[in-house]
Amino acid sequence: MRCSLVALVSLALGLAASASPTAFPWTLHEKRSSIPVGWSPTHKLDSTATIPLRFALTQPNIQDIEKHLYDVSHPDSPNYGNHWTAGQVAATFAPSPETIKAVLDWLLSSGVEPARVKLSPTRGWIDVSSNVKEAESLLRTNYNVYTHDSGKEHVACESYHLPAHVAPHVDFVTPTIHFDAKLSKRSNPQIVPKPGNAFGPKTTGGTIGTILKELENCHTTITPDCLRALYGVAYVPVAGDKNSYGVVEYTPQAYLQSDLDMFAKEFNTGLEGKPPKVVSILGGVVQTVNQSFGYNAESDLDIQYASAILTAKQNVTVYQVGDLAQGASFNNFLDALDGTYCTFEGGDDPWYDYIYPDTSPGGWTGPQECGTVKPANVISSSYGYNEADLSAKYATRQCVEYGKLGLMGVTVISGTGDSGVEGNGDMCLNPDGSQSATGTGFNPTFPGVCPFVTAVGATQIRPNASILEPEIACQDHIYSGGGFSNYFAIPDYQKAAVTGYLKNYTPNYPAGTFNTSGSRAYPDLSANGAHYAVAIDGQMTPAFGTSASAPVVGAILALVNDARIALGKKPIGFINPTIYSSKFTKAFHDITNGTNPGCGTMGFNSTKGWDPVTGLGTPNFPVLLAEWLTLA
Ligand SMILES: *[C@@H]1O[C@H](CO)[C@@H](O)[C@H](O)[C@H]1NC(C)=O
Ligand SMILES: *[C@@H]1O[C@H](CO)[C@@H](O)[C@H](O)[C@H]1NC(C)=O
Ligand SMILES: *[C@@H]1O[C@H](CO)[C@@H](O)[C@H](O)[C@H]1NC(C)=O
Ligand SMILES: *[C@@H]1O[C@H](CO)[C@@H](O)[C@H](O)[C@H]1NC(C)=O
Ligand SMILES: *[C@@H]1O[C@H](CO)[C@@H](O)[C@H](O)[C@H]1NC(C)=O
Ligand SMILES: *[C@@H]1O[C@H](CO)[C@@H](O)[C@H](O)[C@H]1NC(C)=O
């Protein structure tokens, strides 16, 4: 049951009558310094063309989220593992009635009819079904259609304004200066690098004829047994459906069951004919119409290695996000994990069906009833943007959502990309913040730079070396993404580690090459990302990338959760304060050889201790497990 905005509307209109809507001062809210590379303004939209405006409302108490996260995630905290419910998260961070009212009053007094205004169930967003003419007047801006070199079009503006009294209640508005709210569809990930794509996997192009399964061959072909041997993973899950692990895939990228079966057969995983558990979000479908490396590699890789490491004793969940028509963004996925999901599952369209407040008997009166789909305990994603693709406000808002997942006990794993210190598409930063192939500034990766995400880089076995020798930073086909954020300050948990690195090993690059002010540094840890044998489109294909490292680290952490859950303990949740703590120094194989070049430099060196190439190192599963079992 939904009801309309009646009560608030009359209040709002009452206010409007006494205020002159044009009299208040306006402020510039966000502005782009440059148009992203590859895009140019091509034409105006018809003034009656529809624009679905979304206002991200500011959230109270958000400045304390790091403190709250430490409280439940720091190994020395008495509250370690006492994760929050979705309801607690919503009650703490849901925008206040004052905030909602300030934005609504302004919209309604500006002539927006109540029926076109919806508040999301978590109260985080106000959606307005608008058109170009109205949106331009509401935001004092000009919309254009921008066309990418690839032919893709996007509606955006280069700056926008809000009334000064509304601005403090709004983080940002979309679509405006953000070119990246949607992950782009793509036909070929190798040759059309675009912001928001999967990082890869990359391939050598050939296929693997015969898979040599002996561990002596891991330097040329990584198999599940190689990874088990490298990281000491000898563990069979026992917690069953009490535990969960999810990988995120964005339509139209999809796995092929025939590929999963081929892999299961080759490596005798016992998973032949067993599909993963697919959770469809916003119309997500596992499409099989188009098949190619670009369509299938990421999903096939993620699912094959996640399930092989977890064994048949633990299901893998696939979050298939976005429909075929338009795809989806990270924010769509994050929305689905909180309150908007339940409306969707109920068959309603979350963008149009939910109206606030629902004052009908038994209607929704608070956030507690939403978020009924519990996110998996560990979620791995191999998709990303360049931080510079996004505005600081947009990136910060999304980062906080990852923090909320951490509060709820979810571990969020993200690959750091395969371009070393360069961004997706081998872009570097120019002094004005724009990106180009000739820039000289390092170009950090989002969401790996978000301090509430666990960022995973890539390593490899040294050429011709055995699995007993220390790995090196990946130098084969790809370089591990790593460096320093330009948006996020350094979180406490990594201060000592990063300060140590900077003190002893800061490379002598010209000022402005990377952020030396003490900002969030990444990756946090790493795992092998070279020469994976992956069944893709019916062929065993070599794959490379942090795209491989991330789901493997996620699976290893899921095994730790399994052991904890079996003992009646809570999942490990947000792991960063733990893995940087002194208890865990022996829980990683330190990587001390290899670099992540880019932007005309050698990038950073892998060094003793944490470094911006391989982080703390690769997992030492027996130690990780033992240490985590000592925690509450
Ligand atoms: C499949 O490829 C065709 C041709 O490139 C394209 O028109 C269509 O949209 C694609 N379908 C999906 C599901 O990606
Ligand atoms: C995996 O999911 C299937 C289908 O829901 C279920 O039958 C099976 O018991 C699950 N396996 C485990 C180990 O939880
Ligand atoms: C690895 O071994 C092969 C075969 O012995 C040899 O041809 C190749 O040069 C070696 N590569 C390196 C980097 O040592
Ligand atoms: C460096 O990072 C900090 C965040 O810690 C940020 O405030 C600052 O603007 C960044 N500097 C540059 C030049 O981007
Ligand atoms: C990496 O280490 C080598 C050997 O110690 C040194 O020559 C080089 O300058 C270092 N590079 C950077 C970027 O720190
Ligand atoms: C790092 O690894 C490379 C590749 O195996 C090797 O040539 C080099 O000697 C190693 N450097 C150090 C300092 O161990």
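Indexing begins at 1, ligand by ligand and atom by atom, following the structure's order.
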With no hydrogens and no angle check, do the side chains of Glu471 and Asn528 hold a donor and an acceptor under 3.5 Å apart?
yes

Only heavy atoms of [X], strictly under 4.0 Å: list the atoms of ligand 4 that pass.
X	result
Ala489	4 (C), 5 (O)
Ser517	1 (C), 2 (O), 3 (C)
Ser485	2 (O)
Phe488	4 (C), 5 (O)

Contact table ligand 5 N or O to protein N or O, d under 3.5 Å:
| from | atom 1 | to | atom 2 | distance (Å) |
| --- | --- | --- | --- | --- |
| ligand 5 | 2 (O) | Asn605 | ND2 | 2.2 |
| ligand 5 | 11 (N) | Asn605 | ND2 | 3.0 |
| ligand 5 | 14 (O) | Asn605 | ND2 | 3.4 |

As a test of understanding, state which of Tyr160, Phe172, Tyr385 forms a ring-ring contact (aromatic ring centres under 6.0 Å, His included) with His178.
Phe172

Decide yes or no on side chain to side chain donor-acceptor pair (under 3.5 Å) for Ser517 and Ser519, but give the supporting numbers first.
CA-CA 6 Å; Ser517 75; Ser519 60; 4.9 Å; no

Below 6.0 angstrom between ring centroids: does that apply to Tyr80 and His74?
no

Verify whether the ring centers belonging to Tyr487 and Phe446 lie closer than 6.0 Å.
no

Please enumerate all residues that pass side-chain contact (heavy atoms from CB on, under 4.5 Å) together with Asn504, with sequence neighbours excluded.
none

Look at the rings of Trp610 and Tyr501 and say which category their plane angle falls in: under 30° parallel, 30 to 60° tilted, over 60° perpendicular.
perpendicular

Could you walk me through whether Phe452 and Val412 pass the side-chain contact (heavy atoms from CB on, under 4.5 Å) test, one step at a time?
CA-CA 8 Å; Phe452 308 140; Val412 181; over 6 Å; no

Where on Phe484 is there a heavy atom closer than 4.0 Å to ligand 4, on the side chain, on the backbone, on both, or on neither?
neither

Quick check on Gly512 - does any of its heavy atoms sit under 4.0 Å from an atom of ligand 4?
no

Can you check whether Asn515 has an N/O within less than 3.5 Å of an N/O in ligand 4?
yes

Side chains of Tyr522 and Ser485, heavy atoms from C-beta outward: is any pair under 4.5 Å?
no

